[in-house]
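When reading the values below, keep in mind they use all heavy atoms of this one structure, side chains included, and skip hydrogens, waters and symmetry mates.
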Amino acid sequence: MAFKINGLISSANGQASRAKQQRELKKLDSVADNDSDDVRMDMLEPEMKVRQEWDSKVQFLLAIVGYAVGLGNVWRFPYLCQQNGGGAFLIPYFIMLVLEGIPIFYMELGIGQRLRKGSVQVWTEIHPFLGGIGIASVVVGIFVALYYNVIITWCLFYLFHSFTRQLPWMECPTEGPNNTVVEECELSSATAYFWYRNALDISPAIDQPNGIKWSMFGCLVLAWTVMFFCLMRGIKSSGKVVYVTATFPYVVLIIFCGRAVTLEGAGAGLQHMFTPDLQKLQDPNVWLDAATQIFYSLGLAFGSIIAFASYNPPNSNCKRDALTVSLINSATSIFASVVVFSILGFKATQLHHTCIDQSVTKIMAALPDLNITPNITETRLSNILLEYNETLRHLNLTKCNMKDELNSVLCAQARYWWERYLSRAPASIGSNFLTRFQAPLR
């Protein structure tokens, strides 16, 4: 995520091409008394000096992978899989990867590496009328960098609050002399309550602010300070940071995967992910989502890929780099989906068990002579509801279906908060953020 911001900021940096440097050096060669390399470079204008280069090929690949892999892989791709037919979504996804993702990625690497300039100067040199493309990419990059740093702020806030004996989002707080559980928390969950009340301290509407939350403000200042120190020396500083920022997410994903696949119901979640609903492919919106996901996930058209490639040697194999990074990015999306769907399967299983327990309790009260135990299967419960339909109709029992739980589990956590507090504000990022803190508690 840090390198996503690095790339977005770097895309604004325009410097002279190597061709201009060589022309300037040839002019200096005509001056016989000033033929040393040191004098030559001193006579060049600052923007004419030799452009920095990555210390190694590994450093460049880590930087570009760290830029490409981010929220689009961990949050957006699993959501689109769930919404667009599970495994069937992989078909349009890989088609769009081949038709638009890899070619555009290759093009941006190529022009950045060949012209050795930032986004604005690259498009201006291709044609003066295309300079607006570079300017637009810089403006978009600035806006994306702003909200990415907000997400880093959330991460820092949770990190600092995790240094306690008991995580503050594990249990609902109590109030009053009788230690009554707070109603809002009881109606939703401990993680949702901590997110909206402790982390955001959210207000009912934008025109009813609660003032500055200074702890969150301090985390925001810290996030921007870290970004400054990562970027203050260009790739000389950020090139060293990339060894941590590009590899650490994979370490975290592997740890989460080891925990997620051992949870009860993980298999049901993975089956739901990889079972294709081919009828979804007839919907043009599925193909549109796949195309959009490729752009968002690879970070195309932000100008950052051009900026990263401009620090490469001109003879670097950018075709191989484009294929390598694109495939790593797609593999990361699938791997992250395995983690996410394992957790969703666990959450759906918990909701399924709760539904069955509540139904059994009501049935035992209505039919005390019926031989029934709490640990019955979904099939057994359905048969009872069918057999005693007339007797149990007044109970309005909910049908406990595992597939329905899997389909609804993504929005179940935020439904209460959306209806009561967030009807006038988008909450998709926040809702996804808080769900990542629930499964590890079990």
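Residues forming a side chain to side chain donor-acceptor pair (under 3.5 Å) with S333 (at least two apart in sequence, or on another chain): N73. Take A268 and apply the side-chain contact (heavy atoms from CB on, under 4.5 Å) test, not counting sequence neighbours, and it matches M402.
Judged by a 6.0 Å distance limit and a 45° cone about the ring axis, R116 is not positioned over the six-membered ring of Y311.
Contact record, W287 with L281: NE1-O, 2.8 Å, taken as the closest heavy-atom pair. Residues F77 and L90 come closest through the heavy atom pair CZ-CD2, 3.6 Å. The heavy-atom pair separating P92 from V286 by the smallest distance is CG-CG1, 4.0 Å. Closest approach of S137 to S119, counting heavy atoms only: OG-OG, 3.1 Å. Contact record, I111 with V122: CD1-CG1, 3.8 Å, taken as the closest heavy-atom pair. Minimum heavy-atom separation, C172 to E186: SG-N, 4.1 Å.
Residue F248 qualifies as open at atom CZ: its count of foreign heavy atoms under 6.0 Å is 12 or below. Within 6.0 Å of the CZ atom in F217, the count of heavy atoms belonging to other residues, nucleotides or ligands does not exceed 12. Counting non-hydrogen atoms of neighbouring residues, nucleotides and ligands closer than 6.0 angstrom, the NZ atom of K236 exceeds 12 such neighbours. With a 6.0 Å radius and a threshold of 12 heavy atoms from other residues, nucleotides or ligands, L159 has its CG atom above the threshold.
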Give the intermediate values and the outcome of side-chain contact (heavy atoms from CB on, under 4.5 Å) for residues Q350 and E264.
CA-CA 8 Å; Q350 298 300 310; E264 181 186 7; 3.8 Å; yes
Applying side-chain contact (heavy atoms from CB on, under 4.5 Å), run through L146 and W224 and close with a yes or a no.
CA-CA 10 Å; L146 290 174; W224 279 106; 3.8 Å; yes
For side-chain contact (heavy atoms from CB on, under 4.5 Å), just list the numbers for L97 and N329, CA-CA rounded to whole Å, side-chain angles, deciding distance to a tenth of an Å, and then say yes or no.
CA-CA 11 Å; L97 176 66; N329 179 73; over 6 Å; no
Hey, mind stepping through Q121 and L115 against side-chain contact (heavy atoms from CB on, under 4.5 Å) and telling me if it holds?
CA-CA 9 Å; Q121 284 73 23; L115 300 179; over 6 Å; no
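Between the side chain of T324 and the backbone N or O of D321 there is no donor-acceptor pair closer than 3.5 Å. Judged purely by atom type and a 3.5 angstrom limit, N84 uses its side chain to pair as donor or acceptor with the backbone of L80. Listed for the Q113 side chain is a donor-acceptor partner under 3.5 Å among the backbone atoms of S316.
Proximity of I235 to S238: side-chain heavy atoms (C-beta onward) are separated by under 4.5 Å at one or more points. Contact check for V138 versus V120: side-chain heavy atoms found under the 4.5 Å cut-off. Proximity of Y243 to Q59: side-chain heavy atoms (C-beta onward) are separated by under 4.5 Å at one or more points. Annotation: side chain of V58 is not in contact with side chain of L61 (no heavy-atom distance under 4.5 Å). A 4.5 Å side-chain heavy-atom check between N198 and P168 finds every atom pair outside the cut-off. Residues Q166 and E171 meet the side-chain proximity criterion, which asks for heavy atoms closer than 4.5 Å. Proximity of C230 to S237: side-chain heavy atoms (C-beta onward) are nowhere separated by under 4.5 Å. Taking 4.5 Å as the limit, some side-chain heavy atom of F229 sits within range of a side-chain heavy atom of T225.
With rounding to the nearest 0.5 Å, the separation of OG in S337 from CE in M273 is 4.0 Å. Going from atom CD1 of I102 over to atom CG of L327 covers 5.5 Å, rounded to the nearest 0.5 Å.
Sorted by first and then second residue, the pairs that involve residues 87-109 and meet side-chain hydrogen bond (donor to acceptor under 3.5 Å, both in side chains), not counting sequence neighbours, are Y93-S330.
In the model, S310 has a side-chain atom that pairs as donor or acceptor with a side-chain atom of R51 under 3.5 Å. N210 and S203 form no side-chain donor-acceptor contact under 3.5 Å, judged by distance and modelled atom types alone.
Ring geometry, F194 versus H161: the interplanar angle exceeds 60°, so the pair is classed perpendicular (tilted spans 30 to 60°).
Exactly one of F302, F105, Y67 qualifies for a ring pair (Phe, Tyr, Trp, His ring centres under 6.0 Å) with F308. That residue is Y67. Results of the ring pair (Phe, Tyr, Trp, His ring centres under 6.0 Å) test with W169 over W195, Y158, Y196 single out Y158 as the only residue that passes.
Taking the centre of each ring, F157 and W154 stay at or above the 6.0 Å mark.
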